[in-house]
Amino acid sequence: MHTLLMYGPTKNVWRSSGVDWSNFNENMDFCTWLNLVFQNRKHDFGEIPVTTSWALWQANNKSTMEGKRQSFQDICSIIFSIIKEMRELNDKILAPMNAMNSIWKPPQEPFVKVNFDVVFKTTLHHSYSGFVIKNSRGLPIGCGSIFNKFVSDSFTTKAIAYLQALDFVREMSFTHVKVEGDSRTMIVKINQVLPNFSDMGTYIEEIKIKVSSFQHISFYHIDRRVNIVSHMLAKERMSMREDRFWVEDLPTAAEIHLAIDLSRLVSHI
């Protein structure tokens with residue numbers, strides 16, 4: 001209660017958030033106070049006190065553990081940015097989605113298309129990245145399979161795979177790139193202009209920095225069914241002793257699914 005309602009800049013932060021805490025008294029526990037806040041409010045108002053509480057707790061932790069003090073303005077900026085980001089994400093998630101194409105489509109020249117995927121072993125905190133670059137005829141230009149240790153969660157695995165795929169494309173000197181993956185959350189976050197304050201924020205910002213080295217690059221969310229080649233590349237790494245990269249070639253398991261993608265493409269035409 002002291003940290004969230006009485007410590008340092010908290011009173012000014014709550015006032016700026018538009019939350020009334022005048023009913024608070026020293027004998028009241030936090031849950032009782034929060035119930036009072038929620039009374040007679042519209043449903044979506046709950047995001048404000050919850051996000052404000054989280055931001056204040058984080059600010060106190062930074063001050064106590066790292067000796068970094070955040071100003072009242074800094075904390076408010078974080079709160080309003082997070083709420084804005086959540087609302088934008090919610091709008092996109094709730095918006096009617098067009099049926100995703102179940103057929104992989106090649107890019108038009110001079111673009112190349114990069115598909116990536118990961119396999120995540122939760123208990124071991126290991127992930128396996130797979131990515132493939134294809135040309136306008138749908139043929140592989142290059143691909144890779146990479147093993148990663150000490151990965152905290154599934155979202156981080158996707159971000160790491162993005163970074164590794166972008167590094168590989170850049171090393172092959174391509175400047176016009178379309179990137180496809182089946183993680184919708186990642187695509188939305190990368191395409192956002194606002195800064196990202198989530199745990200993934202550092203990775204998202206690093207991806208955006210790497211993006212600046214390409215002349216043209218765009219990111220798209222795709223159906224998992226058309227991302228099987230990169231998924232097989234990720235799985236392939238689980239049976240290999242070291243990371244591997246191929247130029248104008250694929251391992252056998254991925255080649256089979258490439259042939260399926262190309263046959264679907266021909267029949268669709």
Side-chain angles (χ1 to χ4, degrees), residues 1-22 24 30-31 33-34 36-38 41-97 151-163 166 179 181 183-214 217-221:
M1 290 297 285
H2 174 77
T3 298
L4 296 178
L5 295 175
M6 302 172 66
Y7 173 76
T10 55
K11 293 182 180 179
N12 287 332
V13 172
W14 283 114
R15 288 194 187 101
S16 295
S17 299
V19 179
D20 179 16
W21 60 281
S22 58
F24 167 72
F30 181 72
C31 288
W33 174 80
L34 200 60
L36 288 173
V37 169
F38 275 80
R41 296 284 189 174
K42 59 184 180 180
H43 179 69
D44 62 353
F45 179 77
E47 68 190 3
I48 297 174
V50 169
T51 307
T52 301
S53 297
W54 176 86
L56 289 171
W57 191 268
Q58 291 289 102
N60 184 66
N61 285 346
K62 283 184 178 290
S63 176
T64 304
M65 305 297 181
E66 303 174 26
K68 297 178 180 178
R69 287 190 170 273
Q70 291 178 304
S71 68
F72 144 68
Q73 291 87 353
D74 289 338
I75 298 171
C76 287
S77 176
I78 290 171
I79 292 166
F80 298 142
S81 293
I82 290 174
I83 290 174
K84 184 175 181 181
E85 181 181 354
M86 285 193 298
R87 287 174 176 173
E88 288 178 352
L89 281 171
N90 195 48
D91 289 343
K92 290 181 180 180
I93 290 169
L94 294 178
M97 294 177 60
V151 184
S152 58
D153 54 66
S154 60
F155 289 115
T156 303
T157 67
K158 298 285 186 181
I160 291 172
Y162 256 114
L163 290 167
L166 291 177
V179 184
S183 172
R184 190 167 189 269
T185 303
M186 280 294 303
I187 302 296
V188 170
K189 285 183 176 292
I190 290 170
N191 286 327
Q192 278 186 326
V193 177
L194 291 171
N196 189 291
F197 294 107
S198 68
D199 292 340
M200 291 170 58
T202 302
Y203 292 105
I204 300 298
E205 293 309 309
E206 192 173 347
I207 289 170
K208 290 181 178 179
I209 290 170
K210 289 185 183 295
V211 161
S212 63
S213 64
F214 296 94
I217 187 167
S218 51
F219 300 87
Y220 304 93
H221 175 229

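Numbers here simply count residues along the sequence, with the first being 1. Predicted model only: the values in this text are computed from it and were never measured.
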**Student:** How long is the straight-line distance from CD1 of Ile209 back to CD1 of Ile204, given to the nearest 0.5 Å?
**Tutor:**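 The distance works out to 12.0 Å.
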**Student:** NZ/Lys68 to CG/Asp74 distance, rounded to the nearest 0.5 angstrom?
**Tutor:**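 If I round to the nearest 0.5 Å, the distance is 12.5 Å.
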**Student:** Supply the atom-to-atom distance Arg69 CZ to Thr64 OG1, rounded to the nearest 0.5 angstrom.
**Tutor:**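 So the CZ of Arg69 and the OG1 of Thr64 are separated by 8.0 Å.
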**Student:** Could you go step by step and tell me if Tyr162 and Ile187 meet the side-chain contact (heavy atoms from CB on, under 4.5 Å) rule?
**Tutor:** CA-CA 10 Å; Tyr162 256 114; Ile187 302 296; 2.4 Å; yes
**Student:** Main chain of Gln73, side chain of Ser77: is a donor-acceptor contact present, judged purely on distance under 3.5 Å?
**Tutor:**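 Side chain of Ser77 to backbone of Gln73, a donor-acceptor pair under 3.5 Å: no, none is there.
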**Student:** For Phe155, is the CZ atom crowded, meaning more than 12 foreign heavy atoms sit under 6.0 Å from it?
**Tutor:**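 Not more than 12 within 6.0 Å, no.
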**Student:** Rounded to the nearest 0.5 Å, how far does OG1 of Thr51 lie from CD1 of Ile78?
**Tutor:**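 Ile78 atom CD1 to Thr51 atom OG1 measures 12.0 Å (nearest 0.5 Å).
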**Student:** Give a yes-or-no answer on whether the side chains of Thr156 and Asp153 include a donor-acceptor pair shorter than 3.5 Å.
**Tutor:**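 Yes.
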**Student:** Let me confirm one number: the OG-CD1 distance from Ser152 to Ile160, rounded to the nearest 0.5 Å.
**Tutor:**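 Taking OG in Ser152 and CD1 in Ile160, the distance rounds to 7.5 Å.
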**Student:** Set out, in order, the CA-CA distance, both residues' side-chain angles and the distance that settles side-chain contact (heavy atoms from CB on, under 4.5 Å) for Leu56 and Asn60, then state yes or no.
**Tutor:** CA-CA 6 Å; Leu56 289 171; Asn60 184 66; over 6 Å; no
**Student:** Out of curiosity, Thr52 OG1 to Trp57 CH2, how far, rounded to the nearest 0.5 Å?
**Tutor:**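 One finds 15.0 Å between OG1 of Thr52 and CH2 of Trp57.
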**Student:** Kindly determine whether Ile217 and Leu166 satisfy side-chain contact (heavy atoms from CB on, under 4.5 Å), including the steps that lead there.
**Tutor:** CA-CA 10 Å; Ile217 187 167; Leu166 291 177; 3.6 Å; yes
**Student:** Decide yes or no on side-chain contact (heavy atoms from CB on, under 4.5 Å) for Met186 and Ile207, but give the supporting numbers first.
**Tutor:** CA-CA 11 Å; Met186 280 294 303; Ile207 289 170; 4.1 Å; yes
**Student:** For Ala159 and Tyr203, work out which heavy atoms get closest and say how close.
**Tutor:**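 Where Ala159 meets Tyr203 most closely, the heavy atoms are CB-CB, 3.5 Å.
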**Student:** Does any N or O in the side chain of Ser63 come within less than 3.5 Å of the main-chain N or O of Ala59, such that one atom is a donor and the other an acceptor?
**Tutor:**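 Judged by distance alone, no pair lies under 3.5 Å.
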